[in-house]
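Letters A, B, ... are given to chains in the order of the sequence lines, protein chains preceding strands, and every chain is numbered from 1.
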Protein chains: 2
Amino acid sequence: MEYKIKSRIWIEVDGEILLGEGRVSLLKAIEKTGSLSKASKSLGMSYKKAWSLIDAVNSRAKSPVCNTTIGGTKGGGTQITAYGKSLIEAYERINKNCWEFLDKQISEADLK
Amino acid sequence: MEYKIKSRIWIEVDGEILLGEGRVSLLKAIEKTGSLSKASKSLGMSYKKAWSLIDAVNSRAKSPVCNTTIGGTKGGGTQITAYGKSLIEAYERINKNCWEFLDKQISEADLK
DNA sequence: TACCGTTATACCTCAGTAAATATAACGACT
DNA sequence: AGTCGTTATATTTACTGAGGTATAACGGTA
């Protein structure tokens, strides 16, 4: 069996995690569903965990990543801001580049 | 505060972890001390955990990463093989390259 | 043969994290 | 006013992973 190289990347602010793989997939689920509770259900994650993740992201990002509304006909909801979308896009682009870079590195290392 | 990008890389074999940051630092401590028990103490890690990590590495690597002896005047010991040293070296080189690559990527992304 | 420091392994305990549950507030609509 | 689905939060429960302790085996040396 061949050696494979894997990686996880994340963005930190002031020594604390801003954005990692889990948070990005949560943000994308929110973008798709328009709701934090629906997003957490779709990922098999508890609402509480999802809420605390989003809270952490919002409190550390330089600009808000999402806007929430409470009450109303549909009960409320959560929308990802344009800034949030730009963060998601940057994370995924860098992540993909990192994988490609590492695949090249491991093949050049030629470990037997 | 500025956004910083972090990463962890690891090598997998057959879907299971062969080598990550913790295992590499353990192997280096063994190399320095010549003993698994001394290495675990120097890292503040329990012997049991250190042993299970080394056991996992040895069972998955294509060649043995260390040789152990039991008994004798000094009680025994563990030596890192030449193959093990080459794995450590490859991991650290790729890891360093990855950090440099990511630092470049995040500065190019220019996130506000 | 007794001693010593090491490898190797089983078992039990405990804490820190994750999950489940409960509850309040909100606001558009009927 | 009552309903509904959502956000927001506290409290309690469950569980996994890590650590501690104990013990056997090993083989040079005195």
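- Mapping A/Gly75 and B/Gly75 onto DNA chain C by nearest heavy atom places B/Gly75 closer to the 5' end of the strand.
- Among the protein residues, A/Gly76 comes within range of the sugar-phosphate backbone only, with heavy atoms under 4.0 Å from sugar or phosphate atoms but none that close to a base.
- Once you apply a 4.0 Å limit to the heavy atoms of chain A, the touched nucleotides of DNA chain D run 5' to 3' over D/dG5 to D/dT11.
- Looking at heavy-atom distances under 4.0 Å, B/Gly71 makes contact with a base.
- Contacts between residues 28-48 of chain A and DNA chain D, defined by a heavy-atom separation below 4.0 Å, involve A/Ser35, A/Leu36, A/Ser37, A/Lys38, A/Tyr47, A/Lys48, listed by number.
- Remark: the backbone N or O of A/Leu18 is not paired with any side-chain donor or acceptor of B/Tyr3 at under 3.5 angstrom.
- Applying the ring pair (Phe, Tyr, Trp, His ring centres under 6.0 Å) definition to pairs two or more places apart or across chains, those involving residues 88-112 of chain B are A/Phe101-B/Phe101.
- Within residues 10-21 of chain B, no residue places a heavy atom under 4.0 Å from DNA chain D.
- Side-chain N or O atoms of A/Arg60 include none that pairs as donor or acceptor with a backbone N or O of A/Asp14 at under 3.5 Å.
- Note on A/Lys96 versus A/Glu100: salt bridge recorded, some NZ/NE/NH1/NH2 to OD/OE distance being below 4.0 Å.
- Between A/Glu92 and A/Lys28 there is a salt bridge, since at least one side-chain N of the basic residue sits less than 4.0 Å from a carboxylate O of the acidic one.
- B/Ser35 and B/Ser37 form a side-chain donor-acceptor contact under 3.5 Å, judged by distance and modelled atom types alone.
- Looking at B/Glu89 and B/Arg93, a side-chain N of the basic residue comes within less than 4.0 Å of a carboxylate O on the acidic one, giving a salt bridge.
- Under the ring pair (Phe, Tyr, Trp, His ring centres under 6.0 Å) criterion, no residue pair touches residues 5-59 of chain A, with sequence neighbours excluded.
- Comparing B/Ile70 and A/Lys74 by the nucleotide of DNA chain D whose heavy atom lies nearest to each, the residue mapping closer to the 5' end is A/Lys74.
- Between A/Trp51 atom CH2 and C/dT21 atom C1' there is a gap of 17 Å when expressed in whole angstrom units.
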Pair up each side-chain donor or acceptor in residues 61-70 of chain A with any protein partner under 3.5 Å, not counting sequence neighbours, and list the distances.
unit_1: A/Lys62; atom_1: NZ; unit_2: B/Glu2; atom_2: OE2; d: 3.4
unit_1: A/Thr69; atom_1: OG1; unit_2: A/Gly77; atom_2: N; d: 3.3

